[in-house]
Structure formats: C-alpha cells, structure tokens
Number of protein chains: 2
Amino acid sequence: MDDLDREILSILRRDARTPYTEIADRVGTSEGTVRNRVERLVEDGVIERFTVATRTGNVKAMIEVSVDVNVDTAEVSDRIADWQQVDFVWQVSGEEDIVVVVDAADTDAVNGLITQARELEEVVGTKTRLILNERVG
Amino acid sequence: MDDLDREILSILRRDARTPYTEIADRVGTSEGTVRNRVERLVEDGVIERFTVATRTGNVKAMIEVSVDVNVDTAEVSDRIADWQQVDFVWQVSGEEDIVVVVDAADTDAVNGLITQARELEEVVGTKTRLILNERVG
DNA sequence: TTGAGGATTACGAAATTCGAAACTCGTCTT
DNA sequence: AAGACGAGTTTCGAATTTCGTAATCCTCAA
C-alpha cells in the first residue's frame, strides 16, 4: 500500500468505472501497472467489492438500536439486514449496539422502519438521525 | 423503477463491473436496454455513483462530532472529508451534527483521528463507536 | 559484475462500450 | 380505421477498453 495505490483507490472511490487507461494517465503510469495494482488490491481484500451507491428513496437515516442484554446481536443484525430499504447494518461499540443505515421513500417510511425495529422482542430502544448530506472521503 | 431496474441494480450492487452484455443475458434483454436503463438510473440519481468498498485498515469506526453553534457545518464536513482514512462524512440531525466513518490501520490511528477532530476550532465534542461488524442489505 | 525476483511497460487480440439509426408497440388524433 | 407520435428497445459497426503475455527495467545481494 504505497502512495500510488492510495491515488488509484481515491480515484476508484469517486468513480469505479474510470478506465485503467485514464487512471494511468492521471497518476502518471501505464495501464498495465494500474491493472496489476487493482488486481492485487482486490486479492489482498483492500478492495472488498465494486459496487453502486444508490438512493432509491428520498430520505436516508441512521437508526441506532439498543438490544436487551443476553441477546444475540449478530442474529438480530442479520434479520434487520434482510429488510428492504436497509443499506448497512453495523454492530458497534458504545451506548447502542446496532446502527442501521436506511434509504427510504420518505419520512413516513423511516418511521415505519423505526416502528418495525421497536417491535422486535430483543430491541429495547432506538434513536434516529436523518442523514442530511453525504460526502465521500 | 420497475422490476427490470431492480434486477439490474441488484446485480450491480454485488459487482458493479459486470458487463452490460452479461447483465443483459442474465435478465433476458439486450445490451442496449441495460445501458439505457443504467444511464437513466444515474441520471435520476438512483445510482449516486459507482464506487469501491474498501478496507485499507483493520478498524472501522464512527466518530460523532458536535460543532459549535454558528458554525458552517458543511464547510467543516468538507475539510474532514479530505482526511486520509475517511470513508464518509454525513451531516445529520440529532444530538451531534456530523458523523464521520473512518477506516483506520489500528485503534491508535482511530485515536489520532479523534484527536485531529477535537483540535478543530469548531468542534466542541466527539463520541466514537467502533464498527465491529458490517452487513449489506 | 552478474543473476534473480518483482514490478512495469508494450503490444496485438478479444471483449466491451458507445453512438446512432431502425424498429416495436401502445396511444392519441382525425 | 389509418396515420402520427413517443417512449423504450434492439441492432450493428466503430471506438475504446481490457486482457494475456512477452519483453524490459530495477534493485538488491552474492
């Protein structure tokens, strides 16, 4: 992981469809080198996957979920991850145990998801933040 | 957003480098249609961007940042987004104002980022959660 | 100096993307 | 009912990108 790798990653984070040829021009090397590097980054697990960031709805939100003690947090996370409109589920340290990032049609839909979470046996509380704006690093 | 769009999206979420030709075969249509659809999805903002999910370090964390009143939160977010190791910066509603998702080499590096945040004039406090596990919806 | 191993570059072939024209199919108008 | 129209789809050749592989370059150690 040298600076060249980091430059390539930063280009791919912003647009993963940038051709190797263009990346090569921008970082001052050859297409083959960019290709080798990207292959190695995937191989090493630095690049977990090529994907698309979507916004199918109009509202994104973080729902911080507290679960009861003696609950299998991983199992609850799995169930939540299956819900439509859920982008990510993180198990986290701190006051709450699970953070759910959702992409919903509107605030009503967010509310529905919160309700759905609170209705789970294992869940003892939720705290929600609307995501007003997103930047990529 | 019909079922065909959703099928295409679900393929791209798993591997955004899947060629149009292959997507077309898998969903039973032509390359041109897949191309038109993807272009429209990007146009409409359903696909925000093509990107790579990375894990350059061993620790991911969320740093919740509170800024002073009368501070331009967007501007602070911009500055933070430029830091190495930062994946996302969200402006959020709720107790804190900004959530920073970072991907760091180790807990020391996370600590460094927290310090860096707290050293900003505008920042009045931070609260950090380690991300122990991530699932995709 | 020489050789080995790894990274980089070069280059032709294969695959993919792209632009644009042709086509399909339902709907509206007369 | 015929014709016109528009949105979406398909087709196809050209341009671009990716891919496989062989040659070259570098650096370090003996």
Side-chain angles (χ1 to χ4, degrees), chain A residues 1-59 84-85 87 103-106 109 134 136-137, chain B residues 1-58 83-87 103-106 109 136-137:
Chain A
M1 265 293 281
D2 57 11
D3 282 339
L4 183 52
D5 284 340
R6 272 183 280 273
E7 275 190 273
I8 293 170
L9 277 182
S10 117
I11 291 173
L12 289 178
R13 277 211 203 82
R14 288 178 172 72
D15 180 5
R17 292 198 296 186
T18 315
Y20 291 151
T21 47
E22 185 188 326
I23 298 175
D25 280 350
R26 282 165 57 182
V27 305
T29 184
S30 68
E31 175 272 328
T33 295
V34 175
R35 176 153 44 106
N36 291 338
R37 297 273 187 139
V38 171
E39 273 164 14
R40 190 172 45 66
L41 289 169
V42 170
E43 186 75 21
D44 294 351
V46 173
I47 294 178
E48 293 178 320
R49 62 186 193 288
F50 287 74
T51 187
V52 287
T54 56
R55 171 178 288 268
T56 55
N58 295 308
V59 186
Q84 297 287 30
Q85 306 171 306
D87 275 3
D103 171 13
D106 49 38
E134 172 177 306
V136 259
Chain B
M1 266 292 280
D2 57 12
D3 282 339
L4 183 53
D5 283 341
R6 271 182 282 272
E7 275 189 274
I8 293 170
L9 276 182
S10 116
I11 291 173
L12 290 178
R13 279 211 199 82
R14 288 177 174 72
D15 180 6
R17 292 198 296 186
T18 315
Y20 292 152
T21 46
E22 186 188 325
I23 298 175
D25 279 351
R26 283 165 57 183
V27 306
T29 184
S30 69
E31 177 272 328
T33 294
V34 175
R35 176 152 44 105
N36 292 337
R37 297 277 187 134
V38 171
E39 273 164 14
R40 189 172 47 66
L41 289 168
V42 171
E43 185 76 19
D44 295 350
V46 173
I47 294 177
E48 293 180 317
R49 62 184 181 283
F50 287 74
T51 187
V52 288
T54 56
R55 171 173 290 268
T56 56
N58 295 306
W83 296 354
Q84 296 288 30
Q85 306 171 307
V86 169
D87 275 3
D103 172 13
D106 49 37
V136 269

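So that the names make sense, note that chain A is the first sequence line, chain B the second, and so on, each numbered from 1.
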Rounded to the nearest 0.5 Å, what separation is found between the CG atom of A:Asn36 and the CZ atom of A:Arg40? 9.0 Å

Within this structure, what is the CD1-to-C1' distance between B:Ile23 and C:dA15, rounded to whole angstrom? 15 Å

Given 3.5 Å as the limit, does a donor-acceptor pair link the side chain of A:Asp2 with the main chain of A:Leu4, or not? yes

Look at A:Arg55 together with A:Asp103 and state whether they make a salt bridge at an N to O cut-off of under 4.0 Å. no

What is the distance, rounded to the nearest whole Å, between atom CG of B:Leu12 and atom P of C:dT17? 11 Å

Approximate separation, where rounding is to 0.5 Å, of B:Glu22 CD and B:Arg17 CZ: 12.0 Å

Correct closest heavy-atom pair for B:Ala109 and B:Ala105 would be CB-N, 3.9 Å

Can you check the B:Asp44 CG to D:dA7 P distance for me, whole Å? 14 Å

In short, A:Ser30 meets A:Ala24 closest at the heavy-atom pair C-CB, 3.5 Å

Starting from C1' on D:dG8, measure out to CD on B:Glu43 and report it in whole angstrom. 16 Å

Using five base pairs at each end, measure the axis-to-axis angle across the helix from C:dT1-D:dA30 to C:dT30-D:dA1 and round it to 10 degrees. 20°

B:Asp15 backbone acceptor or donor facing A:Arg49 side chain under 3.5 Å: no

Tell me: CG of B:Asp5 to P of D:dT9, nearest whole Å? 9 Å

Distance col, row B:Ile47:CD1 vs B:Asp5:CG, nearest 0.5 angstrom, shows 9.0 Å

I need the CD-P distance between A:Glu22 and C:dT17, as an integer number of Å. 16 Å

Please state how far atom CZ in A:Arg17 lies from atom C1' in D:dT16, giving the value in whole angstrom units. 14 Å

For the side chain of B:Thr29, starting at C-beta, report the closest nucleotide among D:dT10, D:dT18, C:dT17. D:dT10

Near DNA chain C, which residues from residues 30-37 of chain B have a heavy atom under 4.0 Å away? B:Glu31, B:Arg35

In this structure, how many angstroms lie between the C1' atom of C:dT16 and the OH atom of B:Tyr20, rounded? 10 Å

Rounded at 0.5 Å granularity, tell me how far OG1 in A:Thr51 sits from CZ in B:Arg14. 9.5 Å

